[in-house]
Amino acid sequence: MAARTARERVRAELIREITDIARRQLGTEGAAGLSLRAVAREMGMVSSAIYRYFPSRDDLLTALIIDGYNAVGEAVEQADAGTPAEDFAGRWLAVCRAVREWALAHPHEYALLYGSPVPGYKAPDDTVSAAARDTVVFARIVSAAHAAGAIDPAGPLPPPPPSIAEDLARVRAAVDLAAPDDVVVRALTAWAGLYGTVSFELFGQFANTVEDDRAAYFDHTMTLLGRLVGLKS
């Protein structure tokens, strides 16, 4: 038992070292250039040895993706837990800030999760639960606000078209969002707006446009999106 535990610790440490080096590669080579052989060279291992831990580049990419989604999810969960439960607009803004702060601190990992697809890579089902962690928190906030009667959308808004009813039902089921279609579509729009805004900042689309105070712009934009959902300030 002791020998097995020691082997497990060594294996876990080697996996951690492999993934740390792979994250650095993301910054220099991009996800498409990730190479198990290059990781092995940096570790001083023969290339065949690394395949004991990750049989292919795609397995390593999957591990990095799951780690990244879990990191975003944990940041969002902590931000939500640190805000009063009845302050729905405050919770929304806090979790949006958590996404932005994580993205700015980990730009290459964010690009792996939310940037261009890696050629030839198809994410397996193993990534789904990790990818949903942050979205589940957003859904929890909206569901709680709806249950509390605290959803009050700004102005008259057109109803969602009947043709997307099944899509909205799929969203509702995927993240346990207990709200009617009009709230679900507004929440989905706000969620897309959050990641679109973060991506624009991270990938340079705000250059020469939003320059003076991007944090203030972000907070205001997220407040507007929260208001679109109907979260009262």
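In the hydrophobic clustering of ILVMFWY residues, with side-chain heavy atoms under 4.5 Å counting as a link, Ile164 and Val183 come out together. Linking ILVMFWY residues whenever their side-chain heavy atoms come closer than 4.5 Å, directly or via other members, leaves Val99 and Val210 in distinct clusters. In the hydrophobic clustering of this structure, Val198 does not group with Phe200; members are Ile, Leu, Val, Met, Phe, Trp, Tyr whose side-chain heavy atoms approach within less than 4.5 Å, directly or through other members.
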Point to revise | side chain to side chain contact (heavy atoms under 4.5 Å, CB included) assessment of Phe138 paired with Asp80 | key: CA-CA 9 Å; Phe138 293 121; Asp80 187 40; over 6 Å; no
Practice item. Let me see the working for Arg227 and Asp152 under side chain to side chain contact (heavy atoms under 4.5 Å, CB included), right down to the final yes or no. Key: CA-CA 8 Å; Arg227 194 71 187 92; Asp152 180 24; 3.9 Å; yes
Practice item. Take Phe206 and Glu211, measure what side chain to side chain contact (heavy atoms under 4.5 Å, CB included) needs, and give me the verdict at the end. Key: CA-CA 7 Å; Phe206 282 148; Glu211 293 281 7; over 6 Å; no
Practice item. Run the numbers on Phe54 and Ile15 for side chain to side chain contact (heavy atoms under 4.5 Å, CB included), then give the verdict. Key: CA-CA 9 Å; Phe54 294 99; Ile15 289 173; 3.9 Å; yes
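Taking a cutoff of 4.0 Å between a charged side-chain nitrogen and a carboxylate oxygen, Asp176 and Arg140 do not qualify as a salt bridge. Under the 4.0 Å criterion applied to side-chain N and carboxylate O atoms, Arg133 and Glu74 are not assigned as salt-bridge partners. Between Arg11 and Glu8, no side-chain nitrogen of the basic residue sits less than 4.0 Å from a carboxylate oxygen of the acidic one, so the salt-bridge criterion is not met. Classification of Lys122 and Asp58 as a salt-bridged pair fails, no side-chain N sitting under 4.0 Å from a carboxylate O. The existence of a salt bridge linking Arg24 and Asp20 is excluded, since no basic side-chain nitrogen approaches an acidic carboxylate oxygen closer than 4.0 Å.
Using a 4.5 Å heavy-atom threshold, the side chains of Thr135 and Val76 count as separate. Side chains of His108 and Thr28 form no contact here, defined as non-hydrogen atoms less than 4.5 Å apart. In this structure, the side chains of Arg100 and Arg214 come closer than 4.5 Å at one or more pairs of heavy atoms. Contact check for Leu225 versus Arg186: no side-chain heavy atoms found under the 4.5 Å cut-off. Side-chain contact between Leu113 and Tyr195 is absent, with no heavy atoms from C-beta onward closer than 4.5 Å. Taking 4.5 Å as the limit, some side-chain heavy atom of Tyr53 sits within range of a side-chain heavy atom of Met45.
Remark: side-chain polar atoms of Arg37 are not paired, donor with acceptor, to backbone N or O of Ser47 under 3.5 angstrom. Side-chain atoms of His146 do not come within 3.5 Å of backbone N or O of Val142 as any donor-acceptor pair.
For the residue pair Ser56 / Asp59, a side-chain donor-acceptor distance below 3.5 Å is found, with atom types taken as modelled. If you check the side chains of Tyr110 and Ser199, you find a donor sitting under 3.5 Å from an acceptor. Between the side chains of Thr62 and Tyr121, at least one donor N or O lies within less than 3.5 Å of an accepting N or O.
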